[in-house]
4 protein chains.
Amino acid sequence: MSLARAERKLTSRGHERRQELLRVAIDKFAEQGYHPTSVADIVGEVGVGKGVFYWYFTSKEDLLREILKDALLELRRHQQAAICDEPNPLRRIELGVRATLDWLAEHPEVQRLVDFARTEDTFADELRRGREISTEDAVRHLTEAMGQGLIKQGDARTMAIAIRGITDEISRTATDTDSPPPVEAVIRMTVHGLTGGAS
Amino acid sequence: MSLARAERKLTSRGHERRQELLRVAIDKFAEQGYHPTSVADIVGEVGVGKGVFYWYFTSKEDLLREILKDALLELRRHQQAAICDEPNPLRRIELGVRATLDWLAEHPEVQRLVDFARTEDTFADELRRGREISTEDAVRHLTEAMGQGLIKQGDARTMAIAIRGITDEISRTATDTDSPPPVEAVIRMTVHGLTGGAS
Amino acid sequence: MSLARAERKLTSRGHERRQELLRVAIDKFAEQGYHPTSVADIVGEVGVGKGVFYWYFTSKEDLLREILKDALLELRRHQQAAICDEPNPLRRIELGVRATLDWLAEHPEVQRLVDFARTEDTFADELRRGREISTEDAVRHLTEAMGQGLIKQGDARTMAIAIRGITDEISRTATDTDSPPPVEAVIRMTVHGLTGGAS
Amino acid sequence: MSLARAERKLTSRGHERRQELLRVAIDKFAEQGYHPTSVADIVGEVGVGKGVFYWYFTSKEDLLREILKDALLELRRHQQAAICDEPNPLRRIELGVRATLDWLAEHPEVQRLVDFARTEDTFADELRRGREISTEDAVRHLTEAMGQGLIKQGDARTMAIAIRGITDEISRTATDTDSPPPVEAVIRMTVHGLTGGAS
DNA sequence: AATGAATGAGACTTCATTCAT
DNA sequence: TATGAATGAAGTCTCATTCAT
């Protein structure tokens, strides 16, 4: 019986084709949006027949899901690699934020796709789990930091979500204005206080 | 030549029809996404023919643009009304954040639409201008607060964007989990410091 | 909410269009086969856009099902009308066979469609029920005839099936050779004995 | 130029492969229908690449034609073997009918394929010739039987077709209901009179 | 002999939009 | 104003067939 597309063993040429399709799809999706981009657009750009697309992917939907899965996995890896085994929890947050801004600056297309995916139920679930995990990670660091008296006591979960809100929005704006994200300012705000109210 | 739809004078019954179409469209768009929702879906739910739709709106695209324009205008009004003539700039930020969390909690559909619109060039421009304005508003308050020594000197623009990032992401999460946004925690973080680092 | 296609109320023009589509589809299906006939072929012949097809039918499959349902209903009506209230059960069989040969000769396309439908599970069920009913009808007449000593005792069900086998195959051959079915010979065989063995 | 596939000399392993493809194809065709079964389905089930298929068969169409040719040849052989050199023509009919019911009961898939093939012009011709021959055979026996006064004078050709109609329909029904065909009842009807009308 | 990647026409179907009634 | 029939381009996807390896 034929293998599911995902499990199919690919020749090295096949692997390259697949990557090429992914790359082009990411670009087009980010540029025009998921729905406005047709499979014909994608294969047209790569210069292959439509069948090729369906040789490597089950459907257009499957393709986006694949893209999202890969991207979030990579981002996570990037973050983990940055944090490594830093003992200071507050510094871990900092390194995580830096890594995120960094990676998103290098993959501006991805954020658009994630943002889109979040607006359509079919894809939203795919993301929720990943977001949960990243939130929990941050909560862990923040809780530890509170325990060590490095930051004031507070609602760690809300803080974690806020931090993601900041990094994401800063990244979006940086991409929109085609300028590098103000990393240091963000770090100052997230780690040393958003406004540093005089209180 | 016929008038542009928007400018056409409507009977009060016509006005109601239009509002009903808008309402249904917002719900469906938020629920299933813009593209997956067809014009037939919308008019079907309202119980009118397709002609009606094209009497009130130039196109499906026009409809979403209209929705976005209206929504952002309303949000802005809500914010302005809250801030009113509060003299303390930091307090103005606070009131603005409160008003935003408030309004988004009552209009969870809108945020999805805005988030989607941001991912497709056709709509993105519509939003950029509004975002610019709201950023500038916040920058003004923050700059004034710095001038008065209420908050530490810093990059006001980045702060403004960060605050929007927080309110938006907190709102999204609140909607996702169907729970009220942790308003006080957010206020504390935005106004009195995100982590309030011990430094 | 929009009505299911089947229940949609049609204008008289709409009703005609639908009939035209049915007619052309029956012809094409019978001529080239169901699968080799594309929806494009059908609407092309009628001279309308593809959307029209899907305005009147849910799918190509639905269309064939509809055709089968209508055809079998009509055939049954024709048979019933012929038998009417004939008291002699053997004569009822005769009238039924005559009516069947008659109707199939006038609707040679239908038999091909039914024959095809029988070979594909999706449609086979649609037919089985109808066949059951017609078999039971014949069994009733035959049993009554046996009771009255009009025919020898025997397996009524097998007889009924055999009679259908004869009428169908005779009809097919008549259609194939483009000649009228040998009605009298068939009647003689079915009613007075297939070979009339000398036994 | 390469030899026609059919004439190519095959190694014994090659012969087996071919048979396996035929066997699987017959099963799938009978199960799902000819068109709904893809070449990929067939080779997938056998566990070979697509190239293999096209090594042994010119096309999918060719495959079905081959199947039909083989099947009808085998059925004919089975019938001939049964009739052998029976001198009584009426008994020859009986033996032929028995052999046919027998063989169709053992090869229920084949009948579906033949039935399907009859509904599509591409294959119909392939079958017509075979049907002609078998009709002529039966006509010969029947005419002889009439000459010997074993059966009443009548339209031998119509009788022959009727007999085929009976055996086929009985076989189909037996397959459908997964029960053995009522051989004796059929013999009685075909040889000694369908209803044995009292006339 | 065999594989599996590639092809590309064409299948079915949807849908924004128009327009006669 | 309103309807619903009609349009037809475009969308996703399938599949018989070919061919480089």
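Convention: sequence-line order gives letters A, B, ...; per-chain numbering from 1.
Both A/Glu61 and B/Gly49 sit near DNA chain F, but only B/Gly49 has its closest nucleotide nearer the 5' end. With DNA chain E read from its 5' end, the first of the two nearest nucleotides for D/Val48 and C/Gly51 is the one closest to D/Val48. Mapping A/Gly14 and C/Pro36 onto DNA chain E by nearest heavy atom places A/Gly14 closer to the 5' end of the strand.
The aromatic rings of A/Phe116 and A/His35 sit perpendicular, their planes meeting at an angle over 60°, well past the 30° parallel limit.
Nucleotide F/dC13 forms a Watson-Crick or G-U wobble pair with E/dG10, both donor-acceptor distances falling under 3.5 Å.
Side-chain rings of A/Phe123 and A/Tyr34 approach one another, their centers coming within less than 6.0 Å.
A salt bridge does not link A/Glu16 to A/Arg23: none of the charged nitrogens lies less than 4.0 Å from a carboxylate oxygen. A salt bridge links C/Arg128 with C/Asp125: the closest approach of a Lys/Arg side-chain nitrogen to an acidic carboxylate oxygen falls below 4.0 angstrom. Between B/Arg112 and A/Glu120 there is no salt bridge, since no side-chain nitrogen of the basic residue lies less than 4.0 Å from a carboxylate oxygen of the acidic one.
Closest to the D/Lys60 side chain, of the nucleotides F/dA16, E/dA6, F/dA2, is F/dA16. When distances are taken from the side chain of D/Val52 to each of F/dT17, E/dA6, E/dA2, the shortest belongs to E/dA2. With distances taken from any side-chain atom of D/Ser38 to the nucleotides F/dG4, F/dA2, F/dA16, the minimum falls on F/dA16.
For the pair B/Tyr54 and E/dT17, the criterion of a side-chain N or O lying under 4.0 Å from OP1 or OP2 is met. Listed pair A/Trp55 / E/dA5 meets the phosphate criterion, a side-chain N or O lying under 4.0 Å from OP1 or OP2. Taking side-chain N and O atoms only, A/Arg13 has no distance below 4.0 Å to OP1 or OP2 of E/dA5. Listed pair D/Arg17 / E/dA1 fails the phosphate criterion, with no side-chain N or O lying under 4.0 Å from OP1 or OP2. When the side-chain nitrogen and oxygen atoms of C/Lys50 are compared with OP1 and OP2 of F/dG8, none of them lie within a distance under 4.0 Å.
For the pair C/Tyr56 OH and E/dT13 P, the interatomic distance rounds to 18 Å; values are reported in whole Å. One interatomic measurement links the two molecules: CG of D/Asp41 to C1' of F/dA16, which rounds to 12 Å at whole-angstrom precision.
Going from the C1' atom of E/dA1 to that of F/dT21 covers 13 Å, rounded to whole Å.
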